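Heavy-atom basis, side chains included; hydrogens, waters and symmetry copies ignored. If you're wondering where the values come from, they're calculated on a predicted model, not measured in any experiment.
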Amino acid sequence: MKTALVTGGSGGIGAAICRRLASEGYFVYINYNSSKEKAENLASEIGGQTICFDVSDNSAVKIAIESISDIDLLVNNAGVSEIELFTSIKQENSDRILDINLKGTLNCARAILPPMINKKSGNIINISSMWGQCGASCEVDYSASKAGIIGFTKALAKEVAPSGIRVNCIAPGFIMTEMNSRFSKEDLELIREDIPLGIFGEPRHIADAVAFLASDQAEYITGQVLAVNGGMVI
Ligand code: NAP
C-alpha cells in the first residue's frame, strides 16, 4: 500500500486531499498542529493516522517524520495567511507566515527526502497560491512565501529528478475554506466577478489536481506549477 503524508490535513483543502488520496488507495498520515479533533475524526473516517507537529519547528518535523518511515508522497499543504498592509503587518506575523508556509515546506521536504533518495522513488507536491504567481496587494508576505514555494519546487525538482523523485506545485485560486471566512458577502461577490468560470473553487478541485500529479499519468511531469483557479490568473 502506498503511503502519503499531508501537512495541514485538518484544514479545508488538506482534508479533501486526505479523503481523495485514501480513495485512491493510499494510507494517509494526517498532520495537524492545533485541530486535533478534526484530524482524529478524519482519520477514523478514512482509516488514516494523525500526526501532530508544527511544520515551522524543524526538530519536531524531523522527529515526527522519522517515526513514519517509507512515505511515497508528501503533500506540503499547511499554510496561514493574513490581510494587512506590508508596512503595517506585525513582524511576528510576517515571520509566522514565512516560517510556516515557506520554511515549513522546506523542513518537511528535507526530512522526508533521504529515504526517497535511497529507494530512488518518491513524489512531492507543494501547495502554493495564485498570489505566488502574480502577487496580491495587502498579502505581500503571503505572496512572497508562496512565490518562494514555486522557486523551491523548480530547483528541488532538478536536484532530485536523477533520484527518480518528482516535485510539483499547485497554485490554487480562491477556494472556499476557513481561510477565506473573513470575507463579507459583498467582498465575496466582488471576488466572484473576477473569476472567469464564475464560481469559487472547492477543496475537491485541489484534491483532484493532487491525485493527478501523484498518479502515473503525471510520470513525465516535474518542476511544474499547475494553476487551479477558474481562470482568475492566466
Ligand atoms: P485552512 O482551512 O485554514 O487550513 C490550514 C491548515 O494548515 C490547517 O490544517 C492547519 O492545521 C494547518 N497549519 C497551520 N499552521 C500550521 C503549522 N504551524 N504546522 C502544521 N500545520 C499548520 O486553509 P486552506 O484554505 O485549507 O489552505 C490550505 C493551503 O492552501 C494553504 O497552504 C493555503 O495557503 C493554500 N491556499 C488556499 C487558498 C484558498 O483560497 N483557501 C488559495 C490558495 C492557496 P491546524 O488547524 O491543525 O493548526
Side-chain angles (χ1 to χ4, degrees), residues 6-9 11-17 33 55-56 75-109 124-157 167-210 213 223-234:
V6 180
T7 68
I13 292 174
I17 294 170
N33 187 35
V55 295
S56 68
V75 184
N76 274 311
N77 162 79
V80 291
S81 67
E82 181 178 337
I83 296 186
E84 185 55 274
L85 284 172
F86 179 61
T87 48
S88 305
I89 192 169
K90 285 188 186 153
Q91 186 60 48
E92 69 207 61
N93 292 355
S94 167
D95 290 345
R96 182 169 167 265
I97 290 170
L98 270 295
D99 285 351
I100 294 174
N101 297 5
L102 182 54
K103 282 171 75 179
T105 296
L106 271 65
N107 289 342
C108 294
I124 297 178
I125 299 171
N126 301 315
I127 307 298
S128 174
S129 162
M130 64 179 165
W131 301 138
Q133 297 177 291
C134 70
S137 165
C138 298
E139 286 193 82
V140 173
D141 302 79
Y142 179 79
S143 300
S145 73
K146 293 297 185 176
I149 289 176
I150 292 175
F152 166 69
T153 299
K154 293 180 180 185
L156 186 66
V167 186
N168 287 291
C169 179
I170 293 170
F174 197 97
I175 311 295
M176 278 307 202
T177 68
E178 191 67 32
M179 189 170 267
N180 291 320
S181 57
R182 69 190 92 154
F183 292 104
S184 67
K185 223 176 152 189
E186 293 72 32
D187 286 341
L188 287 175
E189 193 42 37
L190 287 172
I191 294 166
R192 199 182 58 75
E193 283 171 12
D194 277 341
I195 304 173
L197 282 180
I199 48 166
F200 291 116
E202 291 172 30
R204 69 181 169 87
H205 293 130
I206 307 306
D208 285 344
V210 168
L213 286 173
Q224 301 304 308
V225 182
L226 178 54
V228 184
N229 62 28
M232 204 167 169
V233 172
I234 292 180

Result block: side-chain N/O donor-acceptor pairs under 3.5 angstrom for residues 190-204, not counting sequence neighbours:
residue: R192; atom: NE; partner: E189; partner atom: OE1; Å: 3.2
residue: R192; atom: NH1; partner: G198; partner atom: O; Å: 2.9
residue: R192; atom: NH2; partner: E189; partner atom: OE2; Å: 2.6
residue: E202; atom: OE1; partner: R204; partner atom: NE; Å: 3.0

Among all residues two or more places apart in sequence or in another chain, which pass the side-chain hydrogen bond (donor to acceptor under 3.5 Å, both in side chains) test with N77? none
With sequence neighbours excluded, what pairs up with V140 under the side-chain contact (heavy atoms from CB on, under 4.5 Å) test? F86
Any side-chain heavy atom of I125 sitting closer than 4.5 Å to one from N76? no
Which pairs with one or both residues in residues 223-234 pass salt bridge (Lys or Arg N to Asp or Glu O under 4.0 Å), sequence neighbours excluded? none
Might you point out which heavy atoms bring S143 and A136 nearest each other, and give the distance in Å? OG-N, 3.0 Å
Partners of N180 by side-chain contact (heavy atoms from CB on, under 4.5 Å), sequence neighbours excluded? F174, F183
Which side-chain N or O atoms in residues 225-234 pair as donor and acceptor under 3.5 Å with protein atoms at least two apart or in another chain?
residue: N229; atom: OD1; partner: G231; partner atom: N; Å: 2.7
residue: N229; atom: OD1; partner: M232; partner atom: N; Å: 3.2
residue: N229; atom: ND2; partner: V233; partner atom: O; Å: 2.9

Side chain proximity check, I89 to E82, heavy atoms < 4.5 angstrom: yes
Whether D99 side chain and S56 backbone form a donor-acceptor pair below 3.5 Å: no
In terms of side-chain heavy atoms, does Q224 have a donor or acceptor partner in N168 at a distance below 3.5 Å? no
Roughly how far, to the nearest 0.5 Å, is the CD1 atom of I124 from the CG atom of L213? 13.0 Å
side-chain contact (heavy atoms from CB on, under 4.5 Å) partners for E186, two or more places apart: S184
For residues 102-109, dump all side-chain donor-acceptor pairs below 3.5 Å to protein atoms at least two apart in sequence or in another chain.
residue: T105; atom: OG1; partner: N101; partner atom: O; Å: 2.6
residue: N107; atom: ND2; partner: V55; partner atom: O; Å: 2.9
residue: N107; atom: ND2; partner: K103; partner atom: O; Å: 3.3

Where is the tightest heavy-atom contact between I97 and S145, given as atom of each residue plus distance? CG2-OG, 3.9 Å
side-chain hydrogen bond (donor to acceptor under 3.5 Å, both in side chains) filter on T153, not counting sequence neighbours, yields N126
Minimal non-hydrogen separation, S94 against D141, with atom names: OG-OD2, 2.7 Å
Across all chains, not counting sequence neighbours, the side-chain contact (heavy atoms from CB on, under 4.5 Å) partners of A157 are V167, T222
Applying side-chain hydrogen bond (donor to acceptor under 3.5 Å, both in side chains) to S81 and not counting sequence neighbours gives R182
Let's go through E84 and N93 carefully: what are the C-alpha distance in whole Å and the side-chain angles of both, what is the deciding distance for side-chain contact (heavy atoms from CB on, under 4.5 Å) to 0.1 Å, and is it a yes or a no? CA-CA 10 Å; E84 185 55 274; N93 292 355; over 6 Å; no
Pairs flagged by side-chain hydrogen bond (donor to acceptor under 3.5 Å, both in side chains) wherever residues 128-139 is involved - sequence neighbours left out: none
Does K154 form a side-chain contact (heavy atoms from CB on, under 4.5 Å) with I149? I'd like the steps, not just the answer. CA-CA 9 Å; K154 293 180 180 185; I149 289 176; over 6 Å; no
